[in-house]
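All values below come from the heavy atoms of this structure, side chains included, with hydrogens, waters and symmetry mates left out. Throughout, a chain's letter reflects where its sequence line sits, starting with A, and its residues are numbered from 1.
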Amino acid sequence: MISKTTRTRFAPSPTGFMHVGNLRTALYAYLLARSQGGRFILRIEDTDQARYVDGAVQVIYDTLKTAGLSHDEGPDVGGDFGPYIQSERREIYREHALELVRRGAAYYCFCEKQEPAENDGENVSGGYDGHCRNLSPAEVDAALAAGKPYVIRQKIDREGSTTFHDAVFGEITIENKVLDDQILLKSDGMPTYNFANVVDDHLMGITHVVRGSEYLPSTPKYNQLYRAFGWEIPEYVHLPLIMGRNADGEIAKLSKRHGSVSFENLVQDGFLPAAIINYIALLGWSPKSDRELFTLPELEELFTLSGLNKSPAVFDYDKLRWMNGEYMKQLPAGEFARLSRPFAGTEIGELDAKWAMVAELLHSRIETFREIPEKIAFLLKLPEYSAELFLNKKSKCDPAAAAEILREYLPLFEALPTWNYDELNSLVSDRIAATGANMRRVMWALRIAASGLTVTPGGAVEILYLVGKEEALRRIRKALELIGA
RNA sequence: GUCCCCAUCGUCUAGUGGCCUAGGACACCGGGUUCUCAUCCCGGCAACAUGGGUUCGACUCCCAUUGGGGAUGCCA
């Protein structure tokens, strides 16, 4: 048996953003090709002129690039099967549609565009009524000569049933009588997805058609098209849908109302591309082991169709967050500092110069970069707080004891010539050692005074250092004032 | 309405007739370490939708029911 090289494609339409469901489809198509030493092709499906969005194709390139999914053929990198943009293939579709008409598998239709069916009351069965299905050649010629607008419809064979094989769902059988004469070529001359995907997948030598399971019910129609042309039917790989859960707990196809659903939004929300890819790889696919953290090259090696799941998966932001945290912790300190800085905003004063240390404190404490502003807010501005905060049983501290400690340390800090972390740290620890004081209590008092919070990223000394000498002294005096001692 | 698909902890999943008193992860709840918190470590809670078969034996096979999702566009 001669095995052909695996060729998969990702065929997004340029809508201006990359839905994670689409990204996952791209990922699986990519992994399938890579895992079998095949080729991964990018094709732009821009046949809907009404939905055209400026710059949307660039978004696709950018997303694939940052996600690390490199394509071997496509509009930007070329290839032997181009053009890879459907709007540049109009003539190809037209010729093929006419060929189908000649073969009796399609026909001209001059009916008016059907208004969206009023679906209230009893449900209508929908579908085209077949009015033009059996027009005589003379009638067609006359209408064409009169310049009447037309579409070309597929002449569906409604006898019997169609059974096809899918790599994840197995054998699926559908009665042909439920199929309708779908439009192949629109009145503007553009093909519909239903037609273009068949023509292109064949012409581009696609061996595995990877797409969402919403296409399962229309697959028999595509098979009739393949047969009418005498083409080989590709292997189908239908993917389970990605679902989202709304506030009421209802589950439906993941969409904007569920939160950030595009790759770009997720990145803006402070997620790392590698974490996003890792997470969605596991949404509907399993390596069949207990491992969950994988790099893209590892996935390329491990991916198999048999790991694909049939049931829809709910997108879980909590788990994504956890995974993102794992990726962040794996980042070298310098890299984390560099990537995290933009999320702190521009108005951070002298923290900018001390960012390496701030980043170090943040590193194990956040799961997405988005959490940074609120985490560091207390460093920029002392929160309002009450003297009650000094009361803590475990640290054996109360406002009176805190006042004593603060009065003890204030002059020491004032006298410190250089305000750097190491000096500050040894000053405090030496003093504690010398006086035999309770370290927890001292640190508690200092930290509350320095931060105005009971829970902070970093300890007392780090905070005192970060806010700077002047501000640190001001905060301590303010604390004494607050305690009223 | 009709058609198609799906069904293991709240969520993502492992499990392909006996290895299952069902494993892992997230979330959640405890405990330990830590100058707070987080990290880290240890522990806990929690599921085979229901009813029929088939079989010596069903989470695993078949059927029905129920539940969920999808399709039904000159969108893709």
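Taking the six-membered ring where the residue is Trp, A:His363 and A:Phe336 present parallel rings, their angle staying beneath 30° rather than reaching 60°.
A gap of 31 Å separates the P atoms of B:rC19 and B:rU65, to the nearest Å. Taking atom P in both B:rU60 and B:rU8, the straight-line distance is 12 Å, to the nearest Å. Between the P atoms of B:rC37 and B:rG31, the separation comes to 12 Å (whole Å). Separation of the P atoms belonging to B:rC20 and B:rU2 is 45 Å when rounded to the nearest angstrom. Remark: the separation of the C1' atoms in B:rA7 and B:rA64 is 15 Å, to the nearest Å. The separation of B:rC62 from B:rC5, taken at their P atoms, amounts to 13 Å, rounded to a whole angstrom. When the P atom is compared between B:rC63 and B:rC6, the two are found 11 Å apart, to the nearest whole Å. B:rG17 and B:rC59 have their P atoms separated by 13 Å, with the value rounded to a whole Å.
If you check B:rC5, B:rA71, B:rA14 against the side chain of A:Ser286, the one that comes closest is B:rA14. Side chain of A:Trp322, nearest nucleotide from B:rG69, B:rA27, B:rC12: B:rA27. Picking from B:rA14, B:rA7, B:rG70 the nucleotide with the shortest atom distance to the side chain of A:Leu241 gives B:rG70. Here the side chain of A:Glu45 is nearest to one of B:rA76, B:rG69, B:rU36, namely B:rA76. The side chain of A:Arg51 approaches B:rC75 more closely than any other nucleotide in the set B:rA27, B:rC75, B:rA14. Looking at the side chain of A:Ile174, the nearest of the listed nucleotides B:rC12, B:rA71, B:rC4 is B:rC4. Ranking B:rA76, B:rG70, B:rC12 by closeness to the A:Lys319 side chain, first place goes to B:rC12.
Side-chain contact between A:Val442 and A:Arg431: absent, with no pair of heavy atoms (C-beta onward) separated by less than 4.5 Å. Residues A:Thr47 and A:Arg90 fail the side-chain proximity criterion, which asks for heavy atoms closer than 4.5 Å.
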key: Test salt bridge (charged side-chain N to carboxylate O under 4.0 Å, His left out) applied to A:Glu159 and A:Lys177, step by step   = CA-CA 7 Å; A:Glu159 299 295 311; A:Lys177 64 178 180 231; over 6 Å; no
request  = Quick one: do A:Phe271 and A:Arg321 satisfy side-chain contact (heavy atoms from CB on, under 4.5 Å)? Show the steps, please.
outcome  = CA-CA 8 Å; A:Phe271 291 98; A:Arg321 228 172 269 129; 4.2 Å; yes
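Counting non-hydrogen atoms under 4.0 angstrom, A:Ile251 reaches the backbone sugars and phosphates but no base. Residue contacts shown for A:Ile183 include a base, since a base heavy atom lies under 4.0 Å away. Using a 4.0 Å heavy-atom distance criterion, A:Thr454 is classed as a base contact. At the heavy-atom level, A:Tyr279 lies nowhere under 4.0 Å from the strands shown. Counting non-hydrogen atoms under 4.0 angstrom, A:Cys109 reaches nothing in the nucleic acid. Residue A:Val314 is classed as a sugar-phosphate contact, given heavy-atom separations below 4.0 Å to backbone atoms only. The residue A:Gly284 sits close only to the backbone: its heavy atoms come under 4.0 Å of sugar-phosphate atoms, none of a base. Using a 4.0 Å heavy-atom cutoff across all strands shown, A:Asn392 reaches no nucleic acid atom at all. Within 4.0 Å (heavy atoms only), A:Ser187 reaches at least one base atom of the nucleic acid. Residue A:Arg245 is in sugar-phosphate contact alone, with no base atom involved, counting any heavy-atom pair closer than 4.0 Å across all strands shown.
Within the 4.0 Å cut-off from OP1 or OP2 of B:rC5, not a single side-chain nitrogen or oxygen of A:Lys310 is found. Between B:rC74 and A:Asn194, no contact under 4.0 Å exists linking OP1 or OP2 to a side-chain N or O. Distances shorter than 4.0 Å separate some side-chain N or O of A:Thr47 from OP1 or OP2 on B:rA76. A sub-4.0 Å separation between OP1 or OP2 of B:rU72 and a side-chain N or O of A:Lys221 is absent. For B:rC75, the OP1/OP2 oxygens have a side-chain nitrogen or oxygen of A:Lys186 closer than 4.0 Å.
If you check distances only, the side chain of A:Tyr215 does reach the base of B:rA76 with a donor-acceptor pair under 3.5 Å.
Across all strands shown, B:rU2 pairs with B:rA71; the Watson-Crick or G-U wobble distances both stay below 3.5 Å. Of the nucleotides present, none pairs with B:rA38 by Watson-Crick or G-U wobble criteria with both distances under 3.5 Å. With both pairing distances under 3.5 Å, B:rU16 is matched to nothing as a Watson-Crick or G-U wobble pair. Applying the Watson-Crick and G-U wobble criteria (two distances, each under 3.5 Å), B:rC26 pairs with B:rG10.
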Can you pull every protein N or O that's under 3.5 Å from an N or O on nucleotides 59-67 of chain B?
none

Quick test: give all pairs of protein nitrogen or oxygen and nucleotides 38-44 of chain B nitrogen or oxygen below 3.5 Å, distance rounded to 0.1 Å.
{"from": "B:rA38", "atom 1": "O2'", "to": "A:Ser364", "atom 2": "O", "distance (Å)": "2.5"}
{"from": "B:rA38", "atom 1": "N3", "to": "A:Ser364", "atom 2": "OG", "distance (Å)": "3.1"}
{"from": "B:rU39", "atom 1": "O3'", "to": "A:Lys329", "atom 2": "NZ", "distance (Å)": "3.3"}
{"from": "B:rC40", "atom 1": "OP1", "to": "A:Lys329", "atom 2": "NZ", "distance (Å)": "3.4"}

Please write out each protein N/O paired with an N/O of nucleotides 32-35 of chain B under 3.5 Å, distance rounded to 0.1 Å.
none

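One finds a salt bridge joining A:Arg43 and A:Glu45 here, because a Lys/Arg side-chain nitrogen approaches an Asp/Glu carboxylate oxygen to under 4.0 Å. The existence of a salt bridge linking A:Arg9 and A:Asp201 is confirmed by a sub-4.0 Å separation between a basic side-chain nitrogen and an acidic carboxylate oxygen.
Judged by closest nucleotide on RNA chain B, A:Thr173 is the one of A:Thr173 and A:Glu250 placed further toward the 5' end. Two residues, A:Met243 and A:Ile172, neighbour RNA chain B, and the one matched to the more 5' nucleotide by heavy-atom proximity is A:Ile172.
Other residues, nucleotides and ligands contribute only 12 or fewer heavy atoms inside 6.0 Å of the CD atom of A:Glu404.
Here B:rU13 presents its P atom at 18 Å from CZ of A:Arg291, a figure rounded to the nearest Å. Following rounding to the nearest Å, A:Lys393 (NZ) and B:rU36 (C1') show an atom-to-atom distance of 17 Å.
If you check the side chains of A:Tyr327 and A:Asn278, you find a donor sitting under 3.5 Å from an acceptor. In this structure, a donor-acceptor pair under 3.5 Å is absent between the side chains of A:Asp269 and A:Tyr317. In this structure, a donor-acceptor pair under 3.5 Å is present between the side chains of A:Ser87 and A:Asp46. When only modelled atom types and interatomic distance are considered, A:Thr162 and A:Asn176 share a side-chain donor-acceptor pair under 3.5 Å.
Listed for the A:Ser395 side chain is no donor-acceptor partner under 3.5 Å among the backbone atoms of A:Cys397.
A cation-pi arrangement is present between A:Lys354 and A:Tyr465, with the terminal nitrogen or guanidinium carbon under 6.0 Å from the aromatic centre and inside a 45° cone about the axis. A cation-pi contact, defined as under 6.0 Å to the ring centre and within 45° of the axis, links A:Arg447 to A:Trp444. With A:Tyr128 as the aromatic partner, A:Arg153 meets the cation-pi criteria of under 6.0 angstrom to the ring centre and within 45 degrees of the ring axis.
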